[in-house]
Amino acid sequence: MGKRDELIAKYADDLRNKCGMQPDMDLLRKVTIGCGPAIYNDDASTVAGSDPEELETIKRNFLMKKLGLPDNGDLMPAINSVIETYGRSERNKYRAVVYYMLTKHFGKEAKYA
């Protein structure tokens, strides 16, 4: 099992145990691969859920650029909802898990087809 597969297993565990959802492993793998080398960097692999700049970056770079969503007022509430689901007090909110939940939230799985 390679490093990426170990991380995907860890992300799936977080989705099950911290977020209360059964992951679609194929989609989770694709979202993780889409994160690129960031998943191997301790700082870049996590999301600072209380940092407004970080959340704005997720909105701009992931939701608007990657998923192609319009900035119509729905994006930041969705990000906050995902952070709530993950647990605001959860220290390590993995970027791939947050992106996976946002992809599911907006029904944009086809972007990873």
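It should be emphasised that the depicted structure is a prediction, and the values quoted were computed from it without experimental measurement.
Residues Lys59 and Asp71 approach most closely at NZ-OD2, 3.2 Å, considering heavy atoms. The minimum heavy-atom distance between Asn61 and Lys65, with the atom names listed, is O-CB, 3.3 Å. When all heavy atoms are compared, the tightest approach of Pro23 to Leu28 is CB-CD2, 4.4 Å. Nearest heavy-atom pair, Ile83 versus Lys93, reported as atom, atom and distance to 0.1 Å: CG2-CE, 3.9 Å. Contact record, Met25 with Ala12: SD-CB, 3.7 Å, taken as the closest heavy-atom pair. Taking both residues in full, the closest heavy atoms of Ile39 and Cys35 are given as CG2-CB, 3.6 Å, listed atom of the first, atom of the second, then distance.
In this structure, the side chains of Ile79 and Met76 come closer than 4.5 Å at one or more pairs of heavy atoms. Looking at Arg16 and Met21, their side chains never come closer than 4.5 Å, going by heavy atoms from C-beta outward. The side-chain heavy atoms of Tyr112 and Ile33, taken from C-beta on, include no pair separated by under 4.5 Å.
Note that CG of Asn80 and CG of Leu75 are 11.5 Å apart. Values are rounded to the nearest 0.5 Å. Atoms CZ and CG, from Phe62 and Leu69 in turn, are 8.5 Å apart once rounded to the nearest 0.5 Å.
Under a 4.0 Å N-O distance rule, the pair Arg29/Asp5 qualifies as a salt bridge. Electrostatic pairing of Asp14 and Lys10 does not count as a salt bridge here, judged by no charged N lying under 4.0 Å from a carboxylate O. Salt-bridge formation is detected for the pair Arg88/Glu84: a Lys NZ or Arg NE/NH1/NH2 atom is positioned less than 4.0 Å from an Asp or Glu carboxylate oxygen.
For Glu6, the CD atom sits in a packed shell: over 12 heavy atoms of surrounding residues, nucleotides or ligands are nearer than 6.0 Å.
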Donor-acceptor contacts under 3.5 Å from residues 97-111 side chains, at least two apart:
residue, atom, partner, partner atom, Å
Tyr99, OH, Arg95, NH1, 3.2
Tyr100, OH, Asp24, N, 2.7
Thr103, OG1, Tyr99, O, 2.7

